[in-house]
2 protein chains.
Amino acid sequence: MTDDTPTAPEGRQSGTRQRIQQVALELFAEYGYDKTSLREIAERLGVTKAALYYHFKSKEAIIAAVFEEILEEMDGFIAWTKTQPRTSTARQQIAQRYVESSKGASSVMRLFQENGPAMRELKVGEQMRDRLIDLVNTLTPEHASVPDKLRIRIALFAVQLSRFSMQDVPVEELDAAIVEVVFELLDRVSWE
Amino acid sequence: MTDDTPTAPEGRQSGTRQRIQQVALELFAEYGYDKTSLREIAERLGVTKAALYYHFKSKEAIIAAVFEEILEEMDGFIAWTKTQPRTSTARQQIAQRYVESSKGASSVMRLFQENGPAMRELKVGEQMRDRLIDLVNTLTPEHASVPDKLRIRIALFAVQLSRFSMQDVPVEELDAAIVEVVFELLDRVSWE
DNA sequence: GTCTATAGTGAGATAGAC
DNA sequence: GTCTATCTCACTATAGAC
């Protein structure tokens with residue numbers, strides 16, 4: 001997760017907005033979007049609900065801000081992916097970079113994964129889902145077999161799964177293991 | 001199991017109790033446990049909320065009933081699994097039977113998967129999680145490598161993932177594909 | 001076994017003082 | 001930029017009539 005930065009670098013803006021996002025992400029990921037009330041966010045920050053509404057016009061606006069960075073990063077990643085050749089080695093480079101960039105996004109991805117019902121009603125949920133579908137489609141050959149389609153989906157979701165299913169393993173060891181398993185899944189895919 | 005029926009009509013079943021469970025499962029899986037109100041369940045059944053409370057003492061008692069059958073089935077499956085030898089071929093038989101029995105449980109598993117925050121607060125959520133952990137531990141060799149641990153988790157999770165990520169594919173074709181991919185994942189695992 | 005009516009709670013959101 | 005105070009709404013759950 002992101003580090004604390006004890007003395008916030010309050011440049012031109014009120015750092016409160018950033019602190020709201022940070023606390024909101026922690027609580028959303030831990031207790032879920034619906035079950036986290038604005039009261040709880042405000043209390044942890046030492047302010048009142050009304051203060052939140054000075055910085056964000058709604059609860060949904062808060063989670064939108066939380067997702068903003070990841071969504072942009074995914075856009076860049078997908079755009080880059082589309083420029084890559086449809087070869088086996090290229091796919092593996094893509095996988096490696098995906099595992100790499102998933103490190104910083106694990107809280108947001110967990111939030112997205114575990115809050116299906118909420119994500120279906122939020123704009124960020126739709127945006128996130130659109131990106132994942134786009135990524136899967138980009139990686140999947142035109143006339144891929146059903147097992148191949150499955151391998152690609154499993155490979156991508158395995159990255160997220162492993163992040164919060166095996167937290168007792170050191171990060172570097174886990175990363176190496178993810179890459180290994182994802183590679184052997186993609187290795188079976190025929191890239192025509 | 002605890003009987004949650006308040007006034008417990010022992011003799012004949014009204015049938016309403018079953019219909020409540022059925023409708024509740026549909027709505028819980030589609031809109032989520034928290035977002036499905038008792039009012040919606042009652043309305044779809046053509047009764048009032050108060051009628052639900054005649055058959056179940058709480059909302060949680062409804063979802064407990066919904067999970068009851070699956071939990072018992074998993075208990076049986078896990079018990080059987082523990083009797084199986086720790087060989088490659090036995091593991092594949094286990095996988096095949098797991099895929100088979102996952103067909104009828106897909107709605108419940110989706111509900112469990114997509115409602116992380118709610119499941120953390122419900123008894124059935126803990127029970128379900130305990131079974132899955134037990135299953136993973138049973139299948140995982142004592143000194144398995146990290147990649148092997150990952151392969152087993154991914155294999156089990158992949159079964160659920162594919163059920164609601166590729167609904168456009170015919171069931172039999174999808175089942176065959178799942179078995180194929182799960183087998184090749186487990187094939188890499190070194191047993192003992 | 002199902003109804004009407006309502007208690008009790010807590011959520012998101014707003015108005016206006018400071 | 002943050003506060004107090006309040007509004008509106010929906011929910012779970014209960015009481016008691018029929």
Side-chain angles (χ1 to χ4, degrees), chain A residues 8-25 27-28 30-66 115 117-125, chain B residues 2-25 27-28 30-66 115 117-125:
Chain A
E10 340 241 320
R12 15 241 151 144
Q13 297 269 355
S14 72
T16 302
R17 197 174 203 272
Q18 305 293 327
R19 297 205 311 133
I20 292 171
Q21 291 182 39
Q22 180 195 329
V23 167
L25 173 56
L27 294 178
F28 288 164
E30 174 110 28
Y31 304 107
Y33 175 74
D34 292 315
K35 293 191 132 63
T36 301
S37 65
L38 297 180
R39 197 200 93 247
E40 289 170 306
I41 297 175
E43 260 175 22
R44 183 176 286 207
L45 284 166
V47 297
T48 64
K49 277 190 297 179
L52 302 185
Y53 279 97
Y54 174 80
H55 296 280
F56 296 94
K57 75 170 201 290
S58 67
K59 187 183 183 184
E60 179 160 0
I62 297 180
I63 199 176
V66 166
N115 290 267
M119 290 303 146
R120 254 167 256 147
E121 292 183 347
L122 295 169
K123 282 180 215 93
V124 280
Chain B
T2 52
D3 188 9
D4 289 318
T5 311
T7 342
E10 284 313 318
R12 269 329 286 166
Q13 290 200 353
S14 61
T16 303
R17 198 175 203 271
Q18 302 294 327
R19 298 201 317 138
I20 293 171
Q21 291 183 38
Q22 181 193 330
V23 167
L25 174 55
L27 293 178
F28 287 163
E30 173 108 29
Y31 304 108
Y33 175 75
D34 291 314
K35 294 191 131 62
T36 300
S37 64
L38 297 180
R39 180 186 54 80
E40 289 171 305
I41 297 174
E43 265 175 18
R44 182 174 288 208
L45 284 166
V47 297
T48 63
K49 280 186 294 178
L52 303 184
Y53 279 97
Y54 174 79
H55 296 280
F56 296 95
K57 76 159 195 260
S58 67
K59 187 182 182 183
E60 177 159 3
I62 296 180
I63 200 176
V66 165
N115 290 267
M119 289 304 144
R120 253 167 257 147
E121 292 182 348
L122 294 169
K123 218 168 79 182
V124 282

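Here is the naming used below: chain letters follow the sequence lines, and residue numbers restart at 1 for every chain.
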Partner of B/I20 by side chain to side chain contact (heavy atoms under 4.5 Å, CB included), out of B/L38, B/L52, B/V66: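 With B/I20 as partner, B/L38, B/L52, B/V66 yield a single side chain to side chain contact (heavy atoms under 4.5 Å, CB included), made by B/L52.
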Neighbours of DNA chain C within residues 53-60 of chain A, by heavy-atom distance under 4.0 Å: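 Here the set is A/Y53, A/S58, A/K59.
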Restricting to side chain to side chain contact (heavy atoms under 4.5 Å, CB included), what partner residues turn up for B/Y31, sequence neighbours left out? B/L27, B/T36
Return the set of residues passing side chain to side chain contact (heavy atoms under 4.5 Å, CB included) with B/R19 (not counting sequence neighbours), or none when no residue passes.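 Side chain to side chain contact (heavy atoms under 4.5 Å, CB included) check on B/R19 returns B/L45.
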With the threshold set at under 4.0 Å for non-hydrogen atoms, list the residues of residues 33-43 of chain B touching DNA chain D in residue-number order. B/T36, B/S37, B/L38, B/R39
Any donor-acceptor N/O pair, A/K59 side chain to A/Y33 backbone, under 3.5 Å: yes
With sequence neighbours excluded, what pairs up with B/E40 under the salt bridge (Lys or Arg N to Asp or Glu O under 4.0 Å) test? none
From OH of B/Y31 across to P of D/dC11 the rounded distance in Å is 14 Å
Using atom names, set out every protein N or O paired with an N or O of nucleotides 4-9 of chain C below 3.5 Å, distance rounded to 0.1 Å.
none

Would B/N115 and B/F28 count as a side chain to side chain contact (heavy atoms under 4.5 Å, CB included) if you check the C-alpha gap in whole Å, the side-chain angles of each, and the deciding distance to 0.1 Å? CA-CA 9 Å; B/N115 290 267; B/F28 287 163; over 6 Å; no
How far does [atom1] of [X] sit from [atom2] of [Y], to the nearest 0.5 angstrom?
X	Y	atom1	atom2	result
B/R39	B/R44	CZ	CZ	12.5 Å
B/I62	B/R17	CD1	CZ	9.5 Å
A/E60	A/K123	CD	NZ	4.0 Å

Flag the pair A/F56 / A/I63 as yes when at least one side-chain heavy-atom distance between them is below 4.5 Å, and no otherwise.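 Heavy-atom side-chain distance check fails, nothing below 4.5 Å.
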